[in-house]
Amino acid sequence: MIGPVRSQLPPRPASSDRAFRGGDAFYLPNFCASRAAFAIVVVAELTAIVVSIARSAAQGFWSELALSSLFLLWVGLLSAALLCALRPLLARLGEQRGSSVALALMTAVVAAVSAGVFLLGQSHVVRAAGANSLFPRRLGPFVLRNTAIGLVIAAVTLRYFYVTHQWRRNIELRAAARVHALQARIRPHFLFNSMNTIAALTRTAPREAEQAVQDLADLFRASLAEPLETITLADELEIARTYQRIEQLRLGERLRVAWHVEALPLDARVPGLLLQPLLENAIYHGIEPCPAGGVVAINGERAGELLSLVVRNPLGARARDHDGNQLALENIRERLMLHYGARALLKAGRFGEEYIVTLRFPYLPAPAGGARD
Amino acid sequence: MLRVLIVDDELPARERLGQLIAEIGGAQIVGDASTGLEALEQTVRLAPDVVLLDVRMPGLDGIETARHLSVLQEPPAVIFTTAYDQYAVHAFETYAAGYLLKPIRKDKLAAALAHAGRLTRPQLRQLAAASGARRRTHIATRRRDQVSLIAVQEILYFQADQKYTTVRHAQGEDLIEESLRTLEEDLGTDFVRIHRNTLVNTRYLQRIVRDADGRYCVLLRGCATALPVSRRLAGELRERFRV
């Protein structure tokens, strides 16, 4: 990808960008919707069946099933109602804390319903009807046992939701990455300007023209590679430098790039075109709009098994619309996500007079293909 | 000999135009510029017949530069050059402005030079609107044969007379030939009409007061003159800007 074409995008699945910020990407389904509520009913019934089979000696399977179902449906639907109401809050807590709270909540519902059933068994109405044989005799063991079962089943259910969610999101991301890769081949402005530069150089400086044609070809080859393939960090840095050479011809002294990437291990495998689009954005938004130009700083660091790349550019004289920018960032974010999952991170924003993009991803020296799935 | 000024922020692009013009013959390069402002200065100094003007430049872009050129006593003909600007190209087609696509071809350049024509100010205005150009950032004024640019954010207000419009800005006052209506349309919501003949920069709005005769007046920051407000607009202004 040599920068995204600024064209209209077809609607694409809600993915990537929001996936990292919680919100809608939270893995718990919306229990206010009937599908998720139905899933809860199914889980409750299955549990009821298991419980009834396990203890059918006492009262016979069917009456045991009826009682367990009644109990578990109460638990299930109450939990669903609570999770439905609290979902935004849980999503804000993040995956780990949100899950813990959800688990605690569901367990508490089990305990509360159990206690309720016991109290109902003690009531006059039940006693008068002579139905107290259907109710538990002692509070402690009853509540404790139910809570323990509830805890296990709630944990399994949460895990189920989590895994399904991850699986679905993975498929969406793959599809989105393909679509984006198709759209994001080259910025036409860059292509035509480069051609114009080369046309000028063929007369005055044939050698530079030759070099520029080769560089452009290399860049194209890189942009045509399979979007999900990995390359070495050495290759990726070279692509970015190739791109810089072409822009340098055009922008001359206005473009200065400060490279500080010596700390990076060159054999690390990274998804292709990770850095080049960032450099392209930095030049397009930060250097081109300034008559005097400026410096793009590229810093690479290694902290243990974590690598980081930071690209900084001065804010343009005027704030250009950042559509193209956002598109490129989203594309990189998706590919990082596909390669490294939650271990990778992309941050971007203005800091004072600079625009800074930070990439962080694990150091994977071995080919990452295959190991991902 | 056609006298040509080349304007492009990229050196290779200027060189290429130079090479081609030298080959075409019948035209002579009198100078080049790498920014819109330089282009204005050079145009005033060198009085070229044709300006080859890059659309995308830092600072003043090509289309705004063309508009400023058009206030000159004898504006040059303009040919735009662009690598890729869908909207601009569409606008050039619509308003019959000369343009060239990069990489520039010799025969096209020769034809464009042969047919280069002046664009009128209304033409340029429509062109700017249709090309999705940014809002005007400067107003050009002419003092004898000197063009100067006033940054829009430094302008306090415009006041219209019979024939001219006065621009009051941080450095003083100037006369321009543009009408208030044109300016109002160009500058958008940053400016507000407070009277039939006055257009005010909202960032300097300070307060609305009544003068000795009970008429409403606007006070602007950094400006001693109180500007009369039409009665109809006083209430609206007060509400909109809490002044």
Side-chain angles (χ1 to χ4, degrees), chain A residues 2-8 185-209 211-213 216 245-255 283-294 313-321 323-324, chain B residues 6-23 32-40 52 54-62 64-65 81-89 99-109 132-138 149 151-153:
Chain A
I2 307 179
V5 175
R6 287 147 160 269
S7 59
Q8 287 295 309
R185 289 292 185 211
I186 190 159
R187 203 170 249 161
H189 194 260
F190 166 73
L191 172 67
F192 294 125
N193 270 325
S194 303
M195 291 295 185
N196 198 41
T197 305
I198 290 171
L201 290 175
T202 24
R203 292 155 185 257
T204 52
R207 267 170 209 284
E208 281 182 41
Q211 169 84 40
V213 169
L216 206 55
R245 273 201 298 276
I246 297 177
E247 291 288 56
Q248 201 78 61
L249 289 174
R250 208 159 66 77
L251 298 171
E253 288 168 4
R254 281 165 61 200
L255 172 61
I283 293 173
Y284 187 83
H285 296 290
I287 306 301
E288 274 192 68
C290 302
N313 62 267
L315 288 176
R318 56 189 133 99
R320 281 235 190 110
D321 58 323
D323 295 356
Chain B
I6 296 174
V7 187
D8 198 306
D9 59 318
E10 294 167 14
L11 177 65
R14 294 199 297 273
E15 282 177 355
R16 171 144 181 87
L17 282 171
Q19 294 158 3
L20 294 177
I21 287 171
E23 281 175 23
D32 59 13
S34 59
T35 66
L37 187 60
E38 243 177 78
L40 273 174
L52 286 165
D54 184 26
V55 172
R56 260 188 57 139
M57 289 189 293
L60 288 185
D61 68 19
E64 190 174 2
T65 305
T81 63
T82 178
Y84 181 82
D85 284 279
Q86 283 159 299
Y87 296 113
V89 166
Y99 73 93
L100 292 164
L101 292 173
K102 297 178 187 176
I104 288 159
R105 288 171 178 270
K106 191 161 83 176
D107 51 344
K108 294 249 166 94
L109 175 61
R134 287 169 294 119
R135 200 166 272 173
R136 285 173 78 171
T137 57
H138 291 81
L149 293 180
V152 164
Q153 69 261 27

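A note on names: the letters A, B, ... follow the listed sequences, proteins ahead of strands, and every chain is numbered from 1.
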Checklist line | Part of B/Leu20 lying under 4.5 Å from any heavy atom of chain A | finding: side chain
Note to self: With rounding to the nearest 0.5 angstrom, report the OG1 to CG distance, B/Thr82 to A/Asn196.
What the structure shows: 10.5 Å
Checklist line | Heavy-atom proximity to chain B below 4.5 Å, by part of A/Leu249 | finding: backbone
Item checked: B/Pro103 to A/Phe192 - nearest heavy-atom pair and separation -> CD-O, 4.0 Å
Item checked: Reported CG-to-CG distance for the pair B/Asp54 and A/Asn193, which is rounded to 0.5 angstrom -> 7.5 Å
Check: Counting only heavy atoms not in A/Arg203, do more than 12 fall under 6.0 Å of its CZ?
Finding: yes
Check: Closest heavy-atom contact between A/Pro289 and B/Pro58?
Finding: O-CB, 3.0 Å
Check: If you round to the nearest 0.5 Å, how far is CG of A/Leu191 from NZ of B/Lys102?
Finding: 13.0 Å
Check: Between A/Ile198, A/Leu201, A/Thr204, which shows the greatest number of heavy-atom pairs under 4.5 Å with chain B?
Finding: A/Thr204
Checklist line | Worked check of side chain to side chain contact (heavy atoms under 4.5 Å, CB included) between B/Asp9 and A/Glu288 | finding: CA-CA 9 Å; B/Asp9 59 318; A/Glu288 274 192 68; 5.5 Å; no
